[in-house]
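Step one of this worksheet: look at the structure below.
Numbers restart at 1 for each chain; the letters A, B, ... are given by sequence-line order, proteins then strands. Since the structure is predicted, the reported quantities are computational estimates derived from the model, not experimental observations.
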Amino acid sequence: MSIVSNLDMPLVDRADATLTRAALLAVAVLAPLLLVVVPALAWVSGSRLVWTGAVGDGGRLPAQLLDDAVAQGARLTWDGTAEISVDGASTGLWLAVLVTDLLLAAAVVAVSLLLRRVVGAIRADRAFTTGSLRALRVCGVVVVVTAVLHPLADGVTTALVLREAVPGSPWSVGFTFSPLWVLAGALVLVLAEAFRAGLSLREDVDGLV
Amino acid sequence: MPVEGPHRVVCHLDDLLAARGLTLAALAERIGVTVVNLSVLKNQRAKAIRFSTLTALCEALECQPGELFSVEAD
C-alpha cells in the first residue's frame, strides 16, 4: 500500500507518461477512423448499413434462444438491443448514422488530445498552468454535453434505422441515458477547480526566492 | 497600499557583493541557493523571500536585512 501511504512518491513516472500519451494519441487517431471513416467507406462502397440499438422492451427473450433448454434456477433475459443491418440504406439514413458517430468521435478526439496535453504538462512539472486548466474545463464540458447529446442522437438514429428496416414499425425514439458519464464529466470539472486553486498557489510563489 | 498591489522593495545584493568582493556564483555555493534564484533577487525580479534564505544571505554577507533591502519612496 506504499502508493497510498507514500504521498511523495509520484504515481506517474516518465514511462507511464509516455505510454499514456501514446495511448491517448492512438485513441484520438483510431476513434474517427473506426467511428466515421470505416462507415463512410462502407456507404461509398455500397455495403449494407449495420447499426446496433435498442429495438424493443427488454425482458422478452428472442425466439431463437428458447430452443435451448434452460437449466433449473437459471434465467435468461434480453436487454432489448439488436444489431440491424439494411441493404441499400437511404442517403438520409447513412447521414444520420455518420452524424451520430461523428458526434462521439469528435468528443473522443477532443478529450484524448486535451488529456494528452495535461499529462505532458504534469510530467514536465508544469501542471498548474492556464493551458491545463482550460484543457480540463473543456474536457469536463465535452464529456457532460456528449453524455446527454449522444444518447439523444443515438435514439433518433435507431428509430430511423428501425423504420427503414421494419417499415411497419411505429415511430418511437428511445433515450438510454447513463448518469455515469455525466458523473465522469463532473469529476473532471471538479478536478479543473483543483487545478485552478493550484494555479493560484503557483502564481503566489512565482518569484519566491 | 493594498497587499495585493506592486511592491517598492529594492534589493541591494549587487552593492553588498561588490563591497564583500564576492561573486554571485560563490555566494550561491556558500548558502545553497541556485544562481538562478540569486539572479532573480539581484535583478529586482523577486516577489518574496523565505526567511531561511534571508538568514543565510545575511550570515554569508555579514549584514542585516535592512542593509540588504530597502523600500523606495513612492
Check your understanding: Does some side-chain heavy atom of A:Val188 sit less than 4.5 Å from a side-chain heavy atom of A:Val111?
Key -> no
Which N or O donor-acceptor pairs, by atom type, sit under 3.5 Å across chain B and chain A?
residue : atom : partner  : partner atom : Å
B:Lys47 : N    : A:Gly207 : O            : 2.7
B:Ala48 : N    : A:Gly207 : O            : 3.3
B:Ala48 : O    : A:Val209 : N            : 2.8
B:Arg50 : N    : A:Val209 : O            : 2.9

Exercise for review: For side-chain contact (heavy atoms from CB on, under 4.5 Å), just list the numbers for A:Leu33 and A:Val38, CA-CA rounded to whole Å, side-chain angles, deciding distance to a tenth of an Å, and then say yes or no.
Suggested key: CA-CA 6 Å; A:Leu33 269 174; A:Val38 167; 5.5 Å; no
Practice item. Considering non-hydrogen atoms only, spot the tightest contact between A:Phe128 and A:Leu199 and give its length. Key: O-CD1, 3.1 Å
Exercise for review: Please round to the nearest 0.5 Å and tell me the distance separating atom OG1 of B:Thr23 and atom CD of B:Glu29.
Suggested key: 9.0 Å
Check your understanding: What is the minimum heavy-atom distance between A:Ala31 and A:Val108, and which atoms define it?
Key -> CB-CG1, 3.5 Å
Point to revise | Nearest-0.5 Å distance, CG of residue A:Leu136 to CG of residue A:Leu191 | key: 5.5 Å
